[in-house]
Amino acid sequence: MKGSIYKTVIKPLADRFFALALLLLLWPVMLLTAMAVFLFGGRGPIVFKQQRAGFKGQLFEILKFRTMEVIVPDYEEDAPINNPEFYPVKARVTKAGKFLRLSSLDELPQLINVLKGDMSIVGPRPLLPEYLPLYSVLQAQRHKVKPGITGLSQVLGRNAVSWQRRLATDVVYVRKQSFCLDCYILLLTLFKLLKGPSETEHADMQAFTG
């Protein structure tokens, strides 16, 4: 199977087909997850939206089930919740949110991003737009393909590896992208999901500084 045909024709069609199939198959799971966020996820909307950098660095709005409590702007100025020293980001992760992160259930709404054409099933994870000017010329190659729900960096360590290695792995994927590689990544993703969550791989990473 020629790589160019796979990348430009087969993969985009397969992405939308599998995204739609998974949405139809997993809607009961997504409904239960949404209910858990509503009932046990603290204040805030059920679905979290945030701008991310996608294909060719273009911005899009990623969708996730919310895992953190939203800070309310009209709290008193001296309230601990508004002071990062007393209420750090990690402390905002709800009990329901911790489980959703470890199980990766929070990522399920991104199937809608795949249907819209913003993302692929497999590809480098979409990162924050403020990182764009910090990439080296080599690292910026990660934006030559659509970002994915899962990717080579995710199955080879996720947040347990350094930024440099993570971005280098993204570039390796871009250069070697193929049907066989995508199948390999999907099989490893399934294996990791069945094996169970790893707190190390799901630990919060420090911000990328270049």
Side-chain angles (χ1 to χ4, degrees), residues 1-33 47-48 52-56 60-65 67 99-127 139 141-163 165-203 205:
M1 184 183 298
K2 292 185 178 180
S4 58
I5 296 177
Y6 172 68
K7 295 175 187 177
T8 59
V9 180
I10 297 176
K11 183 170 182 175
L13 291 175
D15 278 336
R16 286 182 167 87
F17 173 80
F18 283 112
L20 181 58
L22 288 171
L23 282 170
L24 293 174
L25 180 66
L26 297 175
W27 72 263
V29 177
M30 295 180 68
L31 179 60
L32 289 174
T33 303
V47 176
F48 170 76
R52 296 290 177 95
F55 181 56
K56 295 183 178 179
F60 72 97
E61 198 169 59
I62 195 172
L63 305 176
K64 288 187 177 188
F65 283 120
T67 59
F99 173 77
L100 294 184
R101 288 186 175 196
L102 289 174
S103 61
S104 295
L105 288 172
D106 61 319
E107 311 284 1
L108 287 178
Q110 287 162 50
L111 291 169
I112 298 172
N113 286 120
V114 176
L115 273 181
K116 292 171 61 179
D118 295 327
M119 294 179 64
S120 175
I121 299 292
V122 179
R125 285 295 294 164
L127 300 177
Q139 292 168 343
Q141 290 184 21
R142 72 189 308 279
H143 291 292
K144 287 187 175 182
V145 298
K146 287 183 181 180
I149 296 177
T150 186
L152 191 58
S153 294
Q154 272 53 53
V155 298
L156 295 181
R158 199 166 180 170
N159 294 349
V161 299
S162 67
W163 272 111
R165 182 178 175 186
R166 182 177 179 180
L167 296 175
T169 303
D170 289 340
V171 175
V172 169
Y173 172 79
V174 171
R175 293 182 174 183
K176 296 185 178 294
Q177 183 185 15
S178 66
F179 172 75
C180 291
L181 180 56
D182 281 354
C183 288
Y184 169 76
I185 292 170
L186 288 172
L187 286 173
L188 272 183
T189 300
L190 181 60
F191 172 76
K192 284 182 173 288
L193 289 174
L194 293 176
K195 181 182 176 183
S198 166
E199 295 240 15
T200 303
E201 291 185 348
H202 287 256
M205 284 197 76

L111 and I121: CA distance, side-chain angles, deciding distance, side-chain contact (heavy atoms from CB on, under 4.5 Å) verdict: CA-CA 8 Å; L111 291 169; I121 299 292; 4.1 Å; yes
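Note: L13 CG to T8 OG1 = 9.5 Å, rounded to the nearest 0.5 Å. Between S178 atom OG and Y184 atom OH the span is 12.0 Å, to the nearest 0.5 Å.
Every side chain to side chain contact (heavy atoms under 4.5 Å, CB included) that F60 has, sequence neighbours left out, goes to R52, I62, N113, D118, M119, P126, P147. Residues passing the side chain to side chain contact (heavy atoms under 4.5 Å, CB included) test with T67, sequence neighbours excluded: L100, R101, D106. Residues forming a side chain to side chain donor-acceptor pair (under 3.5 Å) with T33 (at least two apart in sequence, or on another chain): none. For R16, there are no side chain to side chain donor-acceptor pair (under 3.5 Å) partners at least two apart in sequence or on another chain. The side chain to side chain donor-acceptor pair (under 3.5 Å) search around T189 returns T150, not counting sequence neighbours.
Considering only heavy atoms from C-beta on, L105 stays 4.5 Å or farther from F65 through its side chain. For the pair L186/V155, no side-chain contact is recorded, criterion being any heavy-atom separation below 4.5 Å from C-beta on. Residues S104 and L193 are in side-chain contact: their nearest non-hydrogen atoms beyond the backbone lie under 4.5 Å apart.
Sorted by first and then second residue, the salt bridge (charged side-chain N to carboxylate O under 4.0 Å, His left out) pairs involving residues 166-184 (not counting sequence neighbours) are K11-D182, R142-D170.
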Name every donor-acceptor pair, under 3.5 Å, that has one atom in a side chain of residues 18-28 and the other anywhere in the protein, sequence neighbours excluded.
none

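The pair R125-E107 counts as a salt bridge, with a side-chain nitrogen and a carboxylate oxygen less than 4.0 angstrom apart.
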